[in-house]
Structure formats: C-alpha cells, structure tokens
Amino acid sequence: GDAFEVVVDGRTVTVPSGLSIVKALAEAGITVEVSCENGVCGTCLCTVLDGIPDHRDTYLTDEEKQANDQMLLCCSRAKTPQLVIEL
Ligand code: FES
C-alpha cells in the first residue's frame, strides 16, 4: 500500500510503501519486539489511539479488528494517512 505516518511517543515516523511498520520504526531507532513477523503470534501487538489500521494479520479476531483499537505492527498497515499508536 501507500506510505503513511505513525506517531509514537510524540515522534512521527513515515512508513514507506514496501517497508513494515516494525522496520520503519527500527530505522528511526524505535524497537518493537517481534517473533514470527508474519501476523501470527501476537508479539508485536500495540494499542491504536487514532487512525484506522489496515489489518493484515491472522492473530486478531474479526471483532477485534473491527474495533480498530489494537494492531499487529509486523504486517498491518494503515487505511488513514496517519496512525497514532502506543507500544
Ligand atoms: Fe508475530 Fe507480529 S511478530 S504477529
């Protein structure tokens, strides 16, 4: 998908097309703990404070995905230009 911004701890990080949120944050010096990196295990789960995730994982239930208040950072992206998250 297209590039979007992630705001975490008052910092704004651009996530380019083709780079995961986890990798974009890592390049900005923000470490997210991961395990499977494939949307299966739930290790990279975070809280979503604002914006709508584009859920690409198989960990959250459909109901949890529809609530849009948490997401998996290794694989999911954004439907809105910006996501505000809490690690
Ligand atoms: Fe396993 Fe993201 S690292 S779901």
Side-chain angles (χ1 to χ4, degrees):
D2 293 341
F4 55 95
E5 290 181 343
V6 171
V7 178
V8 55
D9 283 339
R11 296 184 58 192
T12 303
V13 176
T14 299
V15 182
S17 165
L19 204 63
S20 71
I21 297 177
V22 164
K23 292 199 169 86
L25 291 180
E27 289 190 357
I30 301 167
T31 303
V32 178
E33 196 181 328
V34 292
S35 181
C36 73
E37 295 191 72
N38 202 27
V40 175
C41 71
T43 303
C44 64
L45 187 71
C46 80
T47 300
V48 178
L49 302 175
D50 197 24
I52 300 175
D54 179 6
H55 297 286
R56 306 274 180 96
D57 65 274
T58 54
Y59 176 81
L60 295 173
T61 66
D62 286 346
E63 289 76 14
E64 288 170 332
K65 287 176 180 171
Q66 282 161 21
N68 289 322
D69 60 358
Q70 52 187 344
M71 71 183 295
L72 283 303
L73 296 177
C74 66
C75 58
S76 294
R77 301 190 68 80
K79 288 182 174 169
T80 47
Q82 189 176 81
L83 293 174
V84 181
I85 63 169
E86 193 170 73
L87 299 179

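Each ligand, and each atom within it, is numbered from 1 in the order the structure gives. The figures here come from the full heavy-atom set of this structure, side chains too, leaving out hydrogens, waters and symmetry mates. Residues take their numbers from the sequence shown, with the count starting at 1.
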Just jot down the ligand 1 atoms closer than 4.0 angstrom to any heavy atom of Gly39, in number order.
-> 4 (S)
May I ask you to identify, for Cys41, whether its side chain, its backbone, both or neither come under 4.0 Å of ligand 1 on a heavy-atom basis?
-> both
Under 3.5 Å: donor-acceptor pair, side chain of Ser17, backbone of Asp2 | no
Under-4.0 Å heavy-atom contact with ligand 1, by part of Val40 that carries it | backbone
Backbone of Gly18 reached by a side-chain donor or acceptor of Lys23 within 3.5 Å = no
Could you tell me whether Asp9 atom CG has more than 12 heavy atoms of other residues or ligands within 6.0 Å of it?
-> no
To which protein heavy atom is atom 4 (S) of ligand 1 closest, and what is the distance rounded to 0.1 Å?
-> Gly42 N, 3.3 Å
Check each atom of ligand 1 against the heavy atoms of Ser35 and keep those under 4.0 Å away; list them by number with element.
-> 3 (S)
Atom 2 (Fe) of ligand 1 to nearest N/O/S of Cys74 less than 2.8 Å | yes
Counting from 1 in the order shown, the ligand 1 atoms closer than 4.0 Å to a non-hydrogen atom of Glu37 are 1 (Fe), 3 (S)
Heteroatom N/O/S of Cys36 within less than 2.8 Å of atom 2 (Fe) of ligand 1 = no
Using atom types as modelled and distance alone, determine if a side-chain donor or acceptor of Thr43 lies under 3.5 Å from a backbone N or O of Glu33.
-> no
Separation between CG (Asn68) and CG (Asp54), nearest 0.5 Å, reads 10.0 Å
Side chains of Met71 and Cys46 in contact at under 4.5 Å (non-hydrogen atoms) | yes
Test item, Leu72 contacting ligand 1 (heavy atom, 4.0 angstrom) = yes
Thr14 side chain to Pro16 backbone, donor-acceptor under 3.5 Å | no
